[in-house]
Amino acid sequence: MAGKSNPVSSISSQFSSIQRSLLTLSSITLILLTYISFKSLHFPLHYSFEFNQINPKVVADKDLGDFSDIYHSHEVFRLNYAEMEKNFKVFIYPDGDPNTFYQTPRKLTGKYASEGFFFQNIWESQFRTEIAELAHLFFIPISCHKMRGKGTSYANITIIVKNYVDSLILKYPYWNRTLGADHFFVTCHDVGVRATEGVPLLVKNSIRVVCSPSYDVGFIPHKDVALPQVLQPFALPAGGNDIQNRATLGFLAGHRNSKIRVVLARVWENDTEIDIKNNRINRSLGPLVYRKKFYRTKFCICPGGSQVNSARITDSIHYGCIPVILSDYYDLPFNDILNWRKFSVILKGNDVYQLKGILKDIPEEQFVALHKNVVKVQKHFQWNSPPTRYDAFHMVMYELWLRHLVIRY
């Protein structure tokens, strides 16, 4: 008996080996998808579209469907998503004044609804745990938007956030294990970016989940997460399978609050095929006129603005209008999961001068393929309460799941 190995020890060793192998595979997956994301941003579409055929061998998830053509890797996403649903746990810090920190419900409407939905969804999801030792990540429930709505100044918000984080560090042992690398916060307002810039511990160490970020505000793609800004509730039903109604080539209505928008207006506002409006349609014409334009347009132009957020991209997706991303160094939501080149047109800022020619050169069959794929991704840019599989909340959680896999402590 002395010469025989311990079967329990052998099984434990094999299990540990399998765990290490899975962790290594997941880490490689995250690194690969981050590289794809970064490469897609810096090598924009050169007006030649290639559409892969759906692989019939891919086993379709009953909720996900066989949408392999809109993902960088459908199979990797499907398998990792299933693992996330089964195991992922997040601890929400319970401390803080509910009038300052986000411990209470709020209206889930307006252009910053994504922040409100995330806070509500995390509380009502299966990912929340009250046992911190079981958590993979720790959620710091600060809402700079909520503070700003109460009239708090930028300077005071920064002080409040810093004091709150300092209190969590002193009261709990979890931050110090990774210097905050396994902590995250969520904000869908430029005030959130400005307020937290004064708290280097958050910006440099923790995961920032922010709306429509750009690299000039310190966004780090492999660490931070792009939160989609969704203007909910949508005023009109989702568009799709309505190509015959889309007679307008391009459309944009918005403030001329950036260089690229000024150039757009100067070059194209008198064009007969590209509809450029200053500001968002005159209110006297009716609140739905702006949104109805999306139903009648092939390509909705989404240029960079003065702030780090915009609901125009998700409006375009919801109404079935192909987004034209016209911006430099802009990180798109779920960019390391979704292949944006399969349902949008991604251009550099200088392409504004050739915009009409670029759009008219896209063949009809490729436009049809882009439109069909826009319809496929709509579910990923929709918030629900309670959340549903593969909606915006679960896509953000998947991004967080990927990031937690590379944290060591």
### Distance, nearest 0.5 Å, that separates CD1 of Ile160 from CG of Asn163
8.5 Å
### Task
Could you go through the side chain to side chain contact (heavy atoms under 4.5 Å, CB included) check for Asn384 and Phe117 one step at a time?
CA-CA 8 Å; Asn384 303 286; Phe117 268 105; 6.0 Å; no
## Note on the structure
CG (Leu249) and OG1 (Thr297) are apart, to the nearest 0.5 Å, by 9.0 Å
### Message
Could you work out, with ring pair (Phe, Tyr, Trp, His ring centres under 6.0 Å) as the rule, every residue matching Phe334, not counting sequence neighbours?
### Response
Phe381
### For Leu134, side chain to side chain contact (heavy atoms under 4.5 Å, CB included) partners two or more places apart
Thr129, Ile131
### Partners passing side-chain hydrogen bond (donor to acceptor under 3.5 Å, both in side chains) against Trp340 (at least two apart in sequence or in another chain)
none
### Message
Quiz question: by atom type and distance under 3.5 Å, do the side chains of Glu133 and Tyr174 form a donor-acceptor pair?
### Response
yes
### Query
How long is the span from the OG atom in Ser125 to the CD atom in Glu85, to the nearest 0.5 Å?
11.0 Å
### Query
What residues, two or more places apart in sequence or in another chain, satisfy ring pair (Phe, Tyr, Trp, His ring centres under 6.0 Å) together with Phe393?
Phe118
### Task
Count the heavy atoms belonging to other residues, nucleotides or ligands that lie under 6.0 Å from NZ of Lys223, then report whether that count exceeds 12.
yes
### Message
Quiz question: by atom type and distance under 3.5 Å, do the side chains of Gln229 and Thr314 form a donor-acceptor pair?
### Response
no
### Message
I need the minimum non-hydrogen distance between Trp383 and Ser114, along with the two atoms involved.
### Response
NE1-OG, 3.0 Å
### pair Pro228-Val396: side-chain heavy atoms closer than 4.5 Å
yes
### Message
Salt bridge check, Glu75 against Arg78: does any charged N sit closer than 4.0 Å to a carboxylate O?
### Response
yes
### Task
Could you please spell out the steps behind the side chain to side chain contact (heavy atoms under 4.5 Å, CB included) verdict for Val210 and Val225?
CA-CA 6 Å; Val210 294; Val225 175; over 6 Å; no
### Task
Only one of Ile346, Val352, Asp351 passes side chain to side chain contact (heavy atoms under 4.5 Å, CB included) with Lys348; say which it is.
Asp351
### Summary
Hits for ring pair (Phe, Tyr, Trp, His ring centres under 6.0 Å) against Phe299, two or more places apart or cross-chain, chain-then-number order -> Phe367
### Query
Quick one: do Lys277 and Asp275 make a salt bridge, cutoff under 4.0 Å?
yes
### Task
Report the distance from atom CD1 of Ile274 to atom OG1 of Thr248, rounding to the nearest 0.5 Å.
10.5 Å
### Query
Asn205: what forms a side-chain hydrogen bond (donor to acceptor under 3.5 Å, both in side chains) with it, not counting sequence neighbours?
none
#### Entry: Side-chain donor-acceptor contact under 3.5 Å, Asp182 with Thr178
yes
### Query
Are Phe119 and Phe139 near enough that their ring centres are under 6.0 Å apart?
yes
### Query
CG of Leu179 to OG of Ser206: how many Å apart, nearest 0.5 Å?
11.5 Å
### Task
Please name the pair of heavy atoms, one in Arg291 and one in Leu231, separated by the smallest distance, quoted to 0.1 Å.
NH2-CD2, 3.4 Å
#### Entry: Taking every non-hydrogen atom, the tightest pair across Gly239 and Val375
O-CG2, 4.1 Å
### Message
If the condition is side-chain hydrogen bond (donor to acceptor under 3.5 Å, both in side chains), which residues does Glu273 pass it with, not counting sequence neighbours?
### Response
Lys356, Lys360
### Message
Let's go through Met397 and Val90 carefully: what are the C-alpha distance in whole Å and the side-chain angles of both, what is the deciding distance for side chain to side chain contact (heavy atoms under 4.5 Å, CB included) to 0.1 Å, and is it a yes or a no?
### Response
CA-CA 10 Å; Met397 294 304 293; Val90 172; 3.9 Å; yes
#### Entry: Output field: ring centroids Phe138/Phe184 closer than 6.0 Å
no
### Query
Where is the tightest heavy-atom contact between Phe294 and Cys300, given as atom of each residue plus distance?
CD2-SG, 3.3 Å
### Side-chain heavy atoms of Pro386 within contact of Trp123, under 4.5 Å
no
### Summary
His318 meets the ring pair (Phe, Tyr, Trp, His ring centres under 6.0 Å) criterion, sequence neighbours left out, with Phe234
### Aromatic plane relationship, Trp401 with His404 - under 30° parallel, 30 to 60° tilted, over 60° perpendicular
tilted
### Leu227 versus Glu115, closest heavy-atom pair with distance
CD2-N, 4.5 Å
### Task
Can you run down the salt bridge (Lys or Arg N to Asp or Glu O under 4.0 Å) pairs that involve residues 238-252, sequence neighbours left out, and say none if there aren't any?
Asp242-Arg246
### Query
Considering only heavy atoms from C-beta outward, does the side chain of Ile317 approach that of Ile322 to under 4.5 Å?
no
### Task
Looking only at non-hydrogen atoms, find the nearest pair between Pro303 and Ile260 and report the distance.
CB-CG2, 4.0 Å
### Query
Is Val374 close to Ser316 at the side-chain level, that is, under 4.5 Å between some pair of heavy atoms?
no
### Query
Under the side chain to side chain contact (heavy atoms under 4.5 Å, CB included) criterion, do Ile301 and Leu355 qualify, and how do the steps go?
CA-CA 10 Å; Ile301 305 165; Leu355 179 61; 3.6 Å; yes
### Message
Tell me whether Lys376 is salt-bridged to Asp69, with the criterion being a basic N under 4.0 Å from an acidic carboxylate O.
### Response
yes
### Distance (rounded to the nearest 0.5 Å) between Phe251 CZ and Ile276 CD1
8.5 Å
### Query
Less than 4.5 Å apart, any side-chain heavy atom of Tyr71 and any of His74?
yes
### Message
Run the side chain to side chain contact (heavy atoms under 4.5 Å, CB included) test against Asp95 and tell me which residues pass, sequence neighbours left out.
### Response
Tyr164, Leu168, Lys171, Tyr172
### Task
Measure the shortest side-chain to side-chain distance between Ile169 and Leu201 over non-hydrogen atoms and say whether it is less than 4.5 angstrom.
yes
### Message
Looking at His371 and Gly320, would you say the former's side chain and the latter's main chain have a donor-acceptor pair under 3.5 Å?
### Response
yes
### Message
Check whether Arg128 reaches the backbone of Glu124 with its side chain - one donor and one acceptor, N or O, closer than 3.5 Å.
### Response
no
### Task
Could I get the full list of side chain to side chain contact (heavy atoms under 4.5 Å, CB included) partners for Pro173, not counting sequence neighbours?
none
### Task
Report the C-alpha distance between His380 and Tyr398 in whole Å, list the side-chain angles of each, state the deciding distance to 0.1 Å, and finish with yes or no for side-chain hydrogen bond (donor to acceptor under 3.5 Å, both in side chains).
CA-CA 12 Å; His380 294 319; Tyr398 180 79; over 6 Å; no
### Whether Tyr81 and His394 hold their rings parallel, tilted or perpendicular, with breakpoints at 30° and 60°
tilted
### Task
Would you check if Leu338 and His72 make a side-chain contact, meaning some heavy-atom pair closer than 4.5 Å?
no
### Beyond-backbone contact of Asn339 with Asn373, side-chain heavy atoms, under 4.5 angstrom
no
### Task
Please identify each residue that fulfils side-chain hydrogen bond (donor to acceptor under 3.5 Å, both in side chains) with Thr109, with sequence neighbours left out.
none
